[in-house]
There are 2 protein chains.
Amino acid sequence: MLQTNQCQEIKCPIQFVVDLLGNKWSILVLRELFGGDRRTYELLAALPGISTKTLTQRLRELEAHGLVERRIYAEIPPHVEYSLTPKGHQIKPVMASLKEVGTQWLNQESCFCALTDDR
Amino acid sequence: MLQTNQCQEIKCPIQFVVDLLGNKWSILVLRELFGGDRRTYELLAALPGISTKTLTQRLRELEAHGLVERRIYAEIPPHVEYSLTPKGHQIKPVMASLKEVGTQWLNQESCFCALTDDR
DNA sequence: CTGCATCCCAAAGGATACTG
DNA sequence: CAGTATCCTTTGGGATGCAG
């Protein structure tokens, strides 16, 4: 098997990021946190369609990889805040370029969506 | 329903890109094409694990969105080449920032994968 | 409020076989 | 070589109910 994951990684850095963030929600959660610290219910409200389960899963993953920090306030009712770590902030350029290209593409194709949009 | 997708898009540009490229293979296919035009079997070889079915699906999507061009040579056996369109080239900054941050993260965490890696 | 557990469904994707 | 069709497995993720 030799899945030992030694330091000498054979992996492509792009693939590494895609494996971590290439799902339906991770990037959007991070986008939200770039707007400042957020409580759980705020994230739920800002991400229409996400379930508590999925949100928690994504947050735990991001936390495990050191991109997000979870701060718990000893209050009742419970109070939890999520924030970006310095490592999380490193994806800022990705965010910026995504926004840039997304904006370009929206402008280019928004006017014949009715014809071409198949998803 | 009002799903009519009029020109005034409510959609976030980041989400727009994530919806299109946020899957297991699209980014990696594009990464490959940034290395130059590629034939089908070359893509299959360069992307270990991908199936012909999935590759075709991703290529068709990228083509439908105008990011990739498919050129057919009238030969036997068949000969097809895929290349990036100008629109496809627009994601270059995304590619670059992904590579940048991926490299950083690999260096940061490759040495305690054995402890933290849960996927 | 937070978030876990359960159940369940839909989508993504892999393997294989087959056609032109 | 390129691509399709079929079958099947895995995964993602939504809904709900419940506990702290």
Side-chain angles (χ1 to χ4, degrees), chain A residues 1 3 12 15-33 36-65 68-83 117-119, chain B residues 3 15-33 36-65 68-83 117-119:
Chain A
M1 268 303 188
Q3 256 263 50
C12 160
Q15 181 156 15
F16 180 71
V17 180
V18 169
D19 284 351
L20 176 57
L21 306 180
N23 62 62
K24 193 171 173 184
W25 293 109
S26 292
I27 292 277
L28 300 177
V29 170
L30 292 173
R31 179 200 65 189
E32 222 37 51
L33 293 180
D37 297 6
R38 292 283 186 273
R39 298 187 57 168
T40 310
Y41 74 91
E42 294 176 311
L43 291 172
L44 286 171
L47 301 169
I50 202 173
S51 64
T52 67
K53 176 189 159 191
T54 303
L55 176 60
T56 305
Q57 280 179 349
R58 295 292 88 78
L59 285 169
R60 293 296 174 277
E61 282 174 15
L62 296 171
E63 203 188 346
H65 284 268
V68 161
E69 189 193 359
R70 177 163 175 256
R71 194 162 22 238
I72 306 154
Y73 295 84
E75 298 177 5
I76 289 198
H79 178 164
V80 175
E81 294 220 350
Y82 294 95
S83 57
D117 213 353
D118 42 346
R119 356 211 302 163
Chain B
Q3 254 265 49
Q15 181 156 15
F16 181 71
V17 179
V18 169
D19 284 350
L20 175 57
L21 305 179
N23 62 61
K24 192 170 171 183
W25 293 110
S26 292
I27 291 277
L28 300 176
V29 170
L30 292 172
R31 179 199 64 188
E32 222 37 50
L33 294 179
D37 297 5
R38 292 284 185 271
R39 298 188 56 169
T40 310
Y41 74 91
E42 294 177 312
L43 290 172
L44 286 170
L47 302 170
I50 201 173
S51 63
T52 66
K53 177 189 158 189
T54 303
L55 177 60
T56 306
Q57 281 178 350
R58 295 290 87 78
L59 284 168
R60 293 295 174 277
E61 281 175 14
L62 295 171
E63 204 188 346
H65 285 268
V68 161
E69 189 193 358
R70 178 165 174 254
R71 195 162 20 238
I72 306 154
Y73 295 84
E75 298 178 6
I76 290 191
H79 179 164
V80 175
E81 294 220 349
Y82 294 95
S83 57
D117 214 354
D118 41 341
R119 0 209 298 161

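In this text the structure is predicted, and so the values were computed from the model without any measurement. Below, chain A is the first sequence line, B the second, and so on; all start at residue 1.
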### Spacing of CG belonging to A/L28 relative to CH2 belonging to A/W25, to within rounding of 0.5 Å
6.5 Å
### Pairing residues for A/T56 by the side-chain contact (heavy atoms from CB on, under 4.5 Å) criterion, not counting sequence neighbours
A/R60
### Task
Tell me, please, which residues at least two apart from A/T52 pass side-chain contact (heavy atoms from CB on, under 4.5 Å).
A/L44
### Message
Among D/dC1, D/dG13, C/dG3, which nucleotide has an atom closest to any side-chain atom of B/P77?
### Response
D/dC1
### Task
Supply the atom-to-atom distance A/I50 CD1 to A/Q57 CD, rounded to the nearest 0.5 angstrom.
9.5 Å
### Query
To the side chain of A/T54, which of C/dG14, C/dC4, D/dG14 is closest?
D/dG14
### Query
More 5' along DNA chain D: A/W25 or B/R60, using each one's nearest nucleotide?
B/R60
### Residues forming a side chain to side chain donor-acceptor pair (under 3.5 Å) with B/T40, sequence neighbours excluded
none
### Message
Below the 4.0 Å mark, does D/dG3 have OP1 or OP2 next to a side-chain nitrogen or oxygen of B/Y82?
### Response
yes
### Query
Side chain of B/R58: nearest nucleotide among D/dG13, C/dT2, C/dG13?
C/dG13
## Note on the structure
The contact string for nucleotides 15-20 of chain C, one letter per nucleotide 5' to 3', using protein heavy atoms under 4.0 Å with B, S and - for base, sugar-phosphate only and none, comes out as BB---B
### Message
Surrounding CD1 of B/I72 (heavy atoms of other residues, nucleotides or ligands, distance under 6.0 Å), is the total greater than 12?
### Response
yes
### Message
Over the length of the helix from C/dC1-D/dG20 to C/dG20-D/dC1, how much do the five-pair end axes diverge, rounded to 10 degrees?
### Response
40°
## Note on the structure
Sorted by chain and number, sequence neighbours left out, side-chain contact (heavy atoms from CB on, under 4.5 Å) with B/E81 holds for B/D37, B/R39, B/Y73, B/H79
### Query
Do the side-chain N or O atoms of A/K24 get closer than 4.0 angstrom to the phosphate oxygens (OP1, OP2) of D/dT11?
no
### Message
So, OP1 or OP2 of C/dG3: does either fall under 4.0 Å of a side-chain N or O from A/R70?
### Response
yes
### Side-chain N,O (A/R39) to OP1/OP2 (C/dT2) below 4.0 Å
yes
